[in-house]
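The next block holds one structure in the form of structure tokens; read it before the comments.
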Amino acid sequence: MKRKTFLKSLAGAAALALAPMAVLAQDAIKIGEINHYKRMAAFAEPYKKGIELALEEINAAGGVIGRPLEFIFRDDQGKPGEAIKIAEELMTRDGTVMLTGTILSNVGLAISSLAGEKGYVYLASEPLADSITWASGNAYTFRLRSSTYMQAAMLAEEAAKTGAKRYATIAPNYAYGKDAVAAFKENLLRLQPDAEFVTEQWPALFKIDAGAEVQALERAKPDAIYNVTFGPDLAKLVREGTDRGLFDGRTVLGLLSGEPEYLDPLGDEAPEGWIVTGYPWYGITDGPGKTFVDAYQARWDDYPRLGSIVGYMTAQSIAAVLTKAGSTETDAIRAAFKGLEVDTPMGRITYRAIDHQSTMGAYVGRTAVVDGKGIMVDWSYKDGANYLPSDEEVRKLRPVTD
Amino acid sequence: MGLFIAQVLTGLANAGALFMVASGLSLIFGVTRIVNFAHGSFYMLGAYIGYTLMQVLPGAVGFWGAILLAGLAVGVLGVLVEVLVLRPVYRAPELFQLVATFGVILVIQDLALLIWGPEDLLGPRAPGLRGVVRIMGEPIPKYDIALLVITPFVALGLWYLITKTRVGVLVRAATQDREMVGALGVNQAWLFTGVFALGTALAGLGGALQLPKGGADLMMDFNILTAVFVVVVIGGMGSLPGAYLAAVIISVLNVFGVTYLPQSTLVLMFVVMVLVLMIRPYGLFGREEVAGEHGQVGEPERPFKPAGLQVRLLVGAGVATLAAMPLYASTFSQVLATDILIFCLFAASLHFMLGLGGLVSFGHAAFFGGGAYVAALMVTHADSPMELAFILAPIGAGLAALIIGWVCLRLTGVYFAMLTLAFAQLIWSLVFQWGDVTGGDDGLVGIWPAEWLKETTVFFYFALTLSVGGIIALRHVAHSPFGYALRAARDSARQAEATGINTKRVQLLAFGLAGTMAGLAGGLFVFSKGSVFPNELEIARSFDALIVVFLGGVKTLAGGVAGGAFFKGVEDILVRFEYWRLALGLLIIVVVILAPDGIVGSLRKAAERVGLLKRGEDTT
Amino acid sequence: MTNPALETKGLTKAFGGLMAVDNVSFALAQGELLALIGPNGAGKSTCFNMLMGQLRPTRGSVHLNGADITGLSPRRIWRMGVGRTFQITATYASMTVIENVQMALLSHHGQVFRIFPHAHKMHRDRAMALLEMVGMAAQAERHCAVLAYGDLKRLELAIALAHEPSVLLMDEPTAGMAPRERIALMQLTADIVRDKGVSVLFTEHDMDVVFAHAHRIMVLNRGQLIAEGNVAQVREDPRVQEVYLGGGTVFASEGAAENA
């Protein structure tokens with residue numbers, strides 16, 4: 001680590017240490033933001049920067065309903081129980097008007113359950129679990145990011161175009177992995193009924209035995225491989241798989257693999273030709289998407305990750321909902337969220353009244369290595385609205401109505 | 001056939017790093033009797049330091065040099081930790097040092113984040129070893145072959161060191177009989193330092209060696225820890241050949257597990273561990289000589305009497321102050337107090353068997369989370385009313401404790417602790433894997449109290465009554481004949497058996513009671529949070545309780561409760577700051593060094609010194 | 001004659017090929033103070049451990065007041081009225097002296113699994129009486145961990161007596177004690193035998209102690225009983241002389257022993 005960044009971190013630490021004691025602007029509207037800042041620092045830091053950038057812009061433009069907007073950031077250590085406690089503190093002591101945050105699905109589900117019980121509005125910003133808006137959905141919980149189902153459906157659509165028949169899947173052995181495989185299967189079999197799943201591999205999260213997994217995948221002789229692993233697991237899988245020739249002549253689909261958070265650490269060993277969902281910020285050359293990238297780079301001297309744009313859109317959504325509600329009362333916010341439309345760097349998104357899911361989409365493209373770095377090429381933006389089940393199905397999936 | 005051989009080779013290559021890390025842990029335990037939870041952190045440091053050095057040093061020489069230097073550097077850090085943190089607490093009660101090593105974990109986590117940043121680092125390739133060789137048509141990465149060759153050399157080198165050199169003689173002597181080393185005229189302190197340095201250097205070496213197969217990330221420390229403990233326990237704690245054999249068995253089995261039982265990746269290791277320990281209780285090459293078999297290390301606990309009037313009044317006043325909270329404190333204070341009370345009951349239940357029974361459990365979360373899950377499953381699948389589900393939480397946890405205790409109590413000391421850990425992990429993986437019933441890691445949500453309990457203040461009184469009630473009940477049992485028998489079984493099982501006390505049954509029932517109380521805490525927890533996730537069954541949860549019991553003071557009756565309240569309170573404040581892990585880790589280390597008798601024990605000694613309390617008779 | 005208090009027939013224990021105890025038969029009469037002596041490694045402790053149930057005999061039987069107790073667990077044998085003290089003392093270090101005895105009394109009364117009463121109030125008077133008997137009453141409230149070794153031995157005796165045993169097995173009761181303490185402890189044991197009709201079998205290294213107090217002596221060597229009889233008979237026995245050859249000092253102090 002460079003000395004400059006070290007000093008910056010120290011300064012940041014000092015600033016944060018003093019933050020709780022600083023006098024807050026008196027009439028600010030406060031939002032409680034709970035996240036795993038330490039446990040998942042690589043994801044939470046860009047996310048937080050995205051929020052901060054949006055806040056600066058919002059407040060420079062006069063805030064919302066005439067008041068400045070302020071986020072209170074709290075670390076939950078990645079533990080659902082801690083998050084619940086902090087949520088209570090934010091809502092009952094710190095005077096926040098609503099909650100947002102979390103990357104891990106289980107923490108998001110815990111806060112969502114609390115929100116439903118106590119009547120707090122909660123915008124689940126990053127967690128992907130389908131159940132947040134469906135099986136465990138409730139009247140007070142909304143979600144920004146395109147869910148596991150939506151992103152898997154986008155990849156299934158691409159997969160059906162390749163003509164591959166024999167599919168192998170590899171996904172971390174936990175809820176997200178299972179949801180991602182189930183959604184992919186469901187959508188692919190609908191589009192291509194003769195597709196066949198020849199093996200399913202379930203490595204333990206962050207404990208992948210990549211050599212063994214590659215051997216097992218190879219043994220099944222698939223035409224295509226659907227990958228859900230990420231982080232250090234992905235790095236190991238890509239390395240072993242490339243070395244052992246697993247990907248040669250095969251179609252590979254990677255859920256989230258194109259997000260800078262996962263693609264960048266692979267450097268020049270990033271896989272080539274994978275069909276992935278991700279965020280090709282470097283390729284966005286015009287429109288609000290470009291404006292955001294420029295503003296972010298100017299503000300932070302760093303490029304945006306997927307978390308950055310999610311954070312930015314979170315703050316935008318909250319500003320929009322408060323403006324629409326014209327009040328900070330829970331019921332007004334809740335009512336305003338239904339059908340809320342927000343103009344974001346990804347275009348206009350809508351928070352659907354039927355299941356509280358936003359129509360934020362994702363970028364789907366192919367990976368390539370250029371100048372020693374993995375990037376997405378031939379990408380296009382897929383509107384999330386097109387990858388959700390029919391309203392009838394959604395009503396079956398979501399027992400709660402409101 | 002080709003595939004079979006390729007799979008075996010993959011397993012053997014995987015065994016390399018695992019063996020190096022495990023042999024280090026095993027050596028450290030064998031000689032110093034320290035269960036070094038921070039061992040994974042040294043492994044992580046090895047990877048990071050190795051990565052940094054490889055950026056600077058060029059070529060093949062630079063690559064291999066970087067690996068060696070990383071091992072050396074981590075060894076030096078190991079010396080620092082040993083001298084600064086562990087040496088001051090060797091005289092503390094058995095296993096107390098593991099609390100200090102836990103503090104080290106937290107400190108290293110934050111320092112690594114500060115120095116290397118949050119993003120995963122992809123390990124550099126070994127120069128000249130990119131690509132594969134084909135063996136019977138199957139591709140095997142060249143670096144795997146290199147690992148296959150290197151590991152036996154490291155193992156042989158260690159074997160030579162241990163069996164053929166004077167240092168090795170001392171190490172073996174110390175492993176078998178610590179007093180003897182003193183008699184041989186060896187400076188024990190430096191022997192310990194040396195072994196700790198060697199052990200941590202091996203961990204660092206393992207971390208650096210695996211770089212070309214993966215990289216360095218901030219979760220490596222915990223991710224390897226369980227596998228390493230499993231290997232050390234299966235091999236037999238303190239045994240190097242055992243560690244090698246176990247690393248090979250686990251790695252090779254894992255490869256076949258991945259191919260033929262892809263869903264088994266979570267449980268396989270722990271099933272193997274439980275099976276091995278049930279057939280060979282001390283591991284494949286372990287000896288039936290464990291910490292704790294001669295009663296407790298260090299000075300014995302003081303005799304105790306039921307609280308006098310003064311103390312009762314004081315406790316009564318404290319409870320009254322708590323009970324009056326809704327009159328003067330905010331809603332959130334009641335939420336926080338509820339959290340702390342529940343945690344104190346959990347800690348007190350562990351303290352009951354750890355302090356009074358001398359039974360160190362590394363898997364107590366199984367009963368806390370178990371109780372929470374029993375209640376949540378009843379609500380989710382049987383639509384049972386909250387009251388019934390709540391009552392079943394302690395009952396279910398208690399029954400589980402009786403069954404698990406019955407198996408685990410065949411062992412003693414560290415092996416007992418490890419077997420409880422294995423069972424807790426089995427339950428965790430069952431809950432994690434069985435998504436249809438338990439929701440997997442998406443947990444069970446919407447588990448809220450009945451209408452009459454919904455109000456925060458009402459629930460606070462509910463939790464207050466049951467937590468304080470549970471803690472008082474545990475204290476009362478401590479003073480009962482059963483509590484005395486539990487201490488008798490700990491102090492001298494020989495005498496207890498010879499005077500007709502069925503020590504195993506006493507310990508089993510104590511285990512069951514502790515499990516029941518942990519389940520009660522779990523039941524309170526799930527209805528206060530409204531949801532439960534596998535986190536509540538995790539090793540980290542068990543460690544939470546273990547650490548507060550040690551920090552509070554094992555050999556004092558109030559240790560669990562005081563430690564729980566102190567730790568939770570401090571944590572709530574510290575996590576508001578960015579570098580809270582660093583602060584918390586340092587705080588733990590400072591408390592461990594300044595108060596080796598725990599907070600309560602050390603306060604009592606200090607009070608005696610200044611004359612506030614009557615001095616106990618000197619036992620040294 | 002009534003049944004002997006304790007009787008063994010052909011008691012044998014083999015560890016692999018080694019006969020630690022080889023075909024040992026003897027009887028402990030009611031109210032007798034019987035010594036079992038022999039050099040180190042003669043098999044005394046193995047013998048004791050078989051009598052008390054810690055070891056299962058390879059062959060042979062043990063009868064207590066006529067009842068077969070061969071191979072029963074220590075707890076069962078204790079329940080049938082056999083008490084023991086250990087060569088290396090075993091007491092509850094975290095408790096006070098009186099609590100140690102109370103613990104034994106709680107077990108005696110089958111109250112170990114009670115969780116409601118306060119243990120420290122139970123059987124205090126009886127515990128105090130037992131401590132009185134072994135001369136430890138003054139130290140009743142002391143922490144067991146700080147006691148002198150001789151006091152621990154006496155405490156152990158009180159613990160063993162709490163059960164009102166009919167047979168008491170004492171494994172080197174005076175080991176590690178000063179000479180004056182040894183005499184006192186054996187005198188105490190002799191008094192108990194006389195007053196309570198307890199039968200005592202003890203092993204001992206110190207021949208002064210043995211010759212001064214034992215009613216009868218058995219000599220064990222290499223697992224076999226080689227001699228048996230009263231003090232004078234054993235002392236004269238040439239085989240015993242041979243076994244203890246070189247240990248002349250043991251026999252030299254006979255005058256002192258007789259005067260004790």
Side-chain angles (χ1 to χ4, degrees), chain A residues 1 5-6 9 12-13 16-17 20 38 41-42 45 75 77 79-81 84-85 88-89 92-93 105-106 109-110 112-114 116-117 129 131 136 173-175 178 199-204 206-207 209-213 215-216 219 231-232 235-236 239-240 243-245 264-267 269, chain B residues 3 6-7 10-11 13-14 113-122 130-132 139 141 144 213-215 217-219 223 227 254-255 258-259 262-263 265-266 330-332 335-336 339 432-433 435 439-443 445-446 448 525 529-531 533 535-536 575-581:
Chain A
M1 180 168 177
T5 37
F6 176 77
S9 316
L16 249 146
K38 271 293 142 102
E45 279 181 14
D75 190 341
Q77 311 175 41
K79 297 179 185 168
I84 295 291
K85 184 183 80 185
E88 290 274 21
E89 181 177 3
T92 64
R93 190 154 85 182
S105 287
N106 58 358
L109 283 162
S112 136
S113 174
L114 178 82
E117 174 75 7
S131 57
S136 304
N173 195 353
Y174 77 124
K178 289 178 182 172
T199 187
E200 291 180 15
Q201 290 302 125
W202 302 102
F206 297 148
K207 291 177 188 169
D209 184 345
E213 298 291 355
Q215 283 170 334
R219 186 168 159 266
K236 289 177 186 165
R239 208 166 243 195
E240 287 282 342
D243 276 357
R244 299 185 190 230
D264 293 355
L266 295 175
E269 291 186 43
Chain B
L3 179 66
Q7 284 175 319
T10 302
N14 290 346
L113 175 64
L114 258 176
I115 298 171
W116 286 284
E119 274 179 24
D120 299 347
L121 304 178
L122 186 70
R130 213 166 170 140
V132 295
D144 276 19
K213 288 180 73 71
D217 64 78
L218 291 168
M219 283 180 283
N223 285 339
N254 218 26
V255 172
V258 162
T259 306
Q263 295 270 8
T265 46
L266 293 177
S330 66
T331 314
F332 171 68
V335 172
L336 182 63
D339 258 25
F432 201 92
Q433 185 99 53
D441 65 313
D442 276 352
V445 297
W448 294 101
F525 177 87
K529 299 292 181 188
S531 51
F533 301 89
N535 304 52
E536 304 311 329
V575 292
R576 290 157 199 271
F577 304 107
E578 184 167 0
Y579 287 90
W580 61 266
R581 289 190 300 199

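- Proximity to chain B is limited to the side chain of Glu45(A), based on heavy atoms less than 4.5 angstrom apart.
- Annotation for Ser105(A) and Asp442(B): closest pair CB-OD1, 3.7 Å, computed over non-hydrogen atoms.
- Heavy-atom distances place both the backbone and the side chain of Asp441(B) under 4.5 Å from chain A.
- For the pair Gln201(A) (side chain) and Val258(B) (backbone), a donor-acceptor distance under 3.5 Å is present.
- Contact of Glu88(A) with chain B is made through backbone and side chain together, with heavy-atom distances under 4.5 Å.
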(request) Applying side chain to side chain contact (heavy atoms under 4.5 Å, CB included), run through Asn535(B) and Asn106(A) and close with a yes or a no. (result) CA-CA 9 Å; Asn535(B) 304 52; Asn106(A) 58 358; 3.3 Å; yes
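- Take Tyr174(A) and apply the ring-ring contact (aromatic ring centres under 6.0 Å, His included) test, not counting sequence neighbours, and it matches no residue.
- Looking only at side-chain heavy atoms (C-beta outward), Lys178(A) and Gln433(B) come within less than 4.5 Å of each other.
- Heavy atoms closer than 4.5 Å to chain B are found in the backbone of Pro203(A), but not in its side chain.
- Contact detail for Val132(B) and Asp243(A): the closest heavy-atom pair is CG1-O, 2.9 Å.
- For Asn14(B), the part lying near chain A is the side chain, with the backbone staying farther off; criterion is any non-hydrogen pair under 4.5 Å.
- With chain B as partner, the option from Glu89(A), Lys79(A), Arg93(A) having the largest number of non-hydrogen pairs under 4.5 angstrom is Glu89(A).
- Both the backbone and the side chain of Arg239(A) come within less than 4.5 Å of a heavy atom in chain B.
- We find the CG-CG distance between Asp120(B) and Leu266(A) to be 9.0 Å, quoted to the nearest 0.5 Å.
- Rounded to the nearest 0.5 angstrom, Gln7(B) CD and Arg219(A) CZ are separated by 7.0 Å.
- With chain B as the partner, the residue from Ala129(A), Gly81(A), Ala235(A) showing the most heavy-atom pairs under 4.5 Å is Gly81(A).
- In terms of the salt bridge (Lys or Arg N to Asp or Glu O under 4.0 Å) criterion, residue partners of Asp144(B) (sequence neighbours excluded) are, by chain and number, Arg244(A), Lys213(B).
- Taking each heavy atom of Leu122(B) and Pro265(A) in turn, the nearest pair found is CB-O, 3.2 Å.
- For the pair Lys38(A) and Tyr579(B), the cation sits on the ring face: its NZ or CZ lies under 6.0 Å from the ring centre, inside 45° of the axis.
- Side-chain atoms of Ser113(A) come within 3.5 Å of backbone N or O of Gly530(B) as a donor-acceptor pair.
- Only the side chain of Asp217(B) comes within contact range of chain A, with at least one heavy atom under 4.5 Å from a heavy atom of that chain.
- A donor-acceptor contact shorter than 3.5 Å is absent between the side chain of Thr259(B) and the backbone of Ala216(A).
- Across Asn173(A), Thr92(A), Ile84(A), the residue that shares the most heavy-atom pairs under 4.5 angstrom with chain B is Asn173(A).
- Residue with the most contacts toward chain A among Leu218(B), Val445(B), Leu336(B), Leu121(B): Val445(B) (heavy-atom pairs, distance under 4.5 Å).
- Only the side chain of Asp339(B) has a heavy atom closer than 4.5 Å to any heavy atom of chain A.
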